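Everything numeric here is computed off the predicted structure, so don't read it as measured data. One-based numbering along the sequence shown.
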Amino acid sequence: MIFEILTDSLRTAILVTGLVVIMMMLIEVFNVRSSGRMFSGLKNHRVGQVLLSAALGAVPGCMGGFASVSLYTHGLISFGALIAMMIASSGDEAFVMLAMFPGKSGWIFLILFVVAVAVGLLVDLFRSKYDGCHSMHVHDEDREVEHEHHHSRHYGWKRILMFLGVVVFIGALLAGWLEGDEAGADDAVSGFNLLSEDWMYWLFAALSLAVLGMLLFAGDHFVEEHLWEHIVCHHLLSIFLWTLGTIVIIGVLMSYFDIASWVSDNTILMILLAAAVGVIPESGPHLVFVSLYAAGVVPLPVLMASCISQDGHASLPLLAQSRGAFIKAKLINVCVAVAVGLILLCIG
């Protein structure tokens, strides 16, 4: 029993980590190539600030959140817009949600966006924007990314290692080595049968081929600083260990304890717990609620409370810049998370 749980958990952790890293690399390309060009003219458009910030928060990963925090601390967007980003953002766990339940996650992100915009506009009725004292800067290296591949490309060990890793992942994906034993079974019953649809494997294989193209033709700065340093060094191991640990623990608990019955009798407590855990400015703890929802153990209100309350790493720069704004923003997020969770619970 334990060996089967460990084997299935390891396979699932590799699958989820691979999909997450592939999506993060693609998001990194978008972020770098659009850096500094979409924020002009924001100061005089409060509604536009909230909509843009919520949209940045809805982008999977932490980069959109970092952009919003930077805009806020530089006085370019309002406090309500900052709140909108924090509500809409699910951090790096958004990638995992897309991997575990791609259909449902789209609706969840849409609900989060609507709630984020509504709350952001409401907050702006009572709170003025942060008085920043710095100006936005775009690194010269990032401005040169579009041109550097013409004159600065070397196939060092970092580039080669990432290339081989993606190739192996594509092969494992298409060969079905990462598919659960109960392929085709109902997700809520099997618990961790994530991507049984064949088209999803082909889709992510195609996205992985795009990453291979980047690794072949992108310049050294982008490959080493953005893909290797940011994603591989800072995110890959953390995502893998949190995913593996979470799935192993839940798998063991589900094998020996009737978690579903306990949760069904204590859903309100789970909503409060999810909202409280979301205060932690870290990607990882939220994976517990994502995995429980994917396994059919907790209902949607619990997951929504967790999604609203937490924002991954996005609020860490805010904590460094303005601890007062961080505390106020997190308090608002927790209150909204509990309220939305209880409303969803009441309407079934």
Side-chain angles (χ1 to χ4, degrees), residues 46-47 49-60 62 64-65 68-69 71-72 77-94 97 104-130 267-283 285-290 292-293 298-316 318-319 322-348:
R46 281 294 181 91
V47 175
Q49 294 174 23
V50 172
L51 289 172
L52 175 61
S53 190
L56 289 172
V59 175
C62 58
S68 288
V69 171
L71 290 171
Y72 172 72
I77 62 174
S78 64
F79 186 71
L82 176 71
I83 293 295
M85 178 279 294
M86 296 177 72
I87 292 176
S89 175
S90 297
D92 294 340
E93 284 78 7
M97 293 165 66
K104 294 179 181 178
S105 61
W107 288 104
I108 292 173
F109 296 153
L110 178 60
I111 295 173
L112 289 174
F113 180 82
V114 172
V115 173
V117 171
V119 174
L121 293 175
L122 182 62
V123 169
D124 271 348
L125 292 177
F126 305 97
R127 171 74 181 243
S128 61
K129 64 183 178 181
Y130 178 74
T267 304
I268 295 179
L269 179 60
M270 290 296 293
I271 291 174
L272 296 175
L273 178 62
V277 172
V279 174
I280 303 173
E282 171 69 38
S283 287
H286 180 54
L287 279 176
V288 174
F289 301 99
V290 173
L292 287 173
Y293 177 77
V298 299
L300 180 62
V302 176
L303 178 63
M304 289 299 300
S306 181
C307 289
I308 292 173
S309 180
Q310 73 93 36
D311 43 62
H313 297 100
S315 60
L316 283 176
L318 179 65
L319 180 61
S322 176
R323 281 168 288 279
F326 174 85
I327 293 173
K328 293 175 183 177
K330 280 295 185 179
L331 285 175
I332 293 174
N333 278 15
V334 169
C335 292
V336 174
V338 173
V340 172
L342 293 177
I343 292 173
L344 291 177
L345 181 63
C346 291
I347 65 178

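- Closest approach of Gln49 to Ile77, counting heavy atoms only: OE1-CA, 3.2 Å.
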Pair up each side-chain donor or acceptor in residues 330-348 with any protein partner under 3.5 Å, not counting sequence neighbours, and list the distances.
residue: Lys330; atom: NZ; partner: Gly278; partner atom: O; Å: 3.1
residue: Lys330; atom: NZ; partner: Ser309; partner atom: O; Å: 3.4
residue: Lys330; atom: NZ; partner: Asp311; partner atom: OD2; Å: 3.1

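- Scanning all heavy atoms of the two residues, the minimum distance from Gly65 to Met85 falls at CA-SD, 3.6 Å.
- One finds the OG atom of Ser89 at 13.0 Å from the CZ atom of Phe113 (value rounded to the nearest 0.5 Å).
- One finds the NZ atom of Lys104 at 9.0 Å from the CG atom of Leu300 (value rounded to the nearest 0.5 Å).
- Residue Phe289 comes nearest to Ser306 through the heavy atom pair CD1-OG, 3.6 Å, listed as atom of the first residue, atom of the second, then distance.
- In terms of heavy atoms, Thr267 sits closest to Pro299 at CG2-CG, 3.8 Å.
- Once rounded to the nearest 0.5 Å, the distance linking CG of Leu121 with CD1 of Ile83 reads 12.5 Å.
- Rounding to the nearest 0.5 Å places CG of Leu273 at 13.5 Å from CD1 of Ile268.
- Between Ile108 and Cys307, the shortest heavy-atom contact is CG2-SG, 4.4 Å.
- Leu287 contributes atom CG, which lies 10.5 Å from atom CG of Leu292 (distance to the nearest 0.5 angstrom).
- In this structure the side chain of Tyr293 never reaches within 4.5 angstrom of the side chain of Val302, judged on heavy atoms.
- The shortest non-hydrogen separation linking Ser90 to Gln310 is O-NE2, 2.9 Å.
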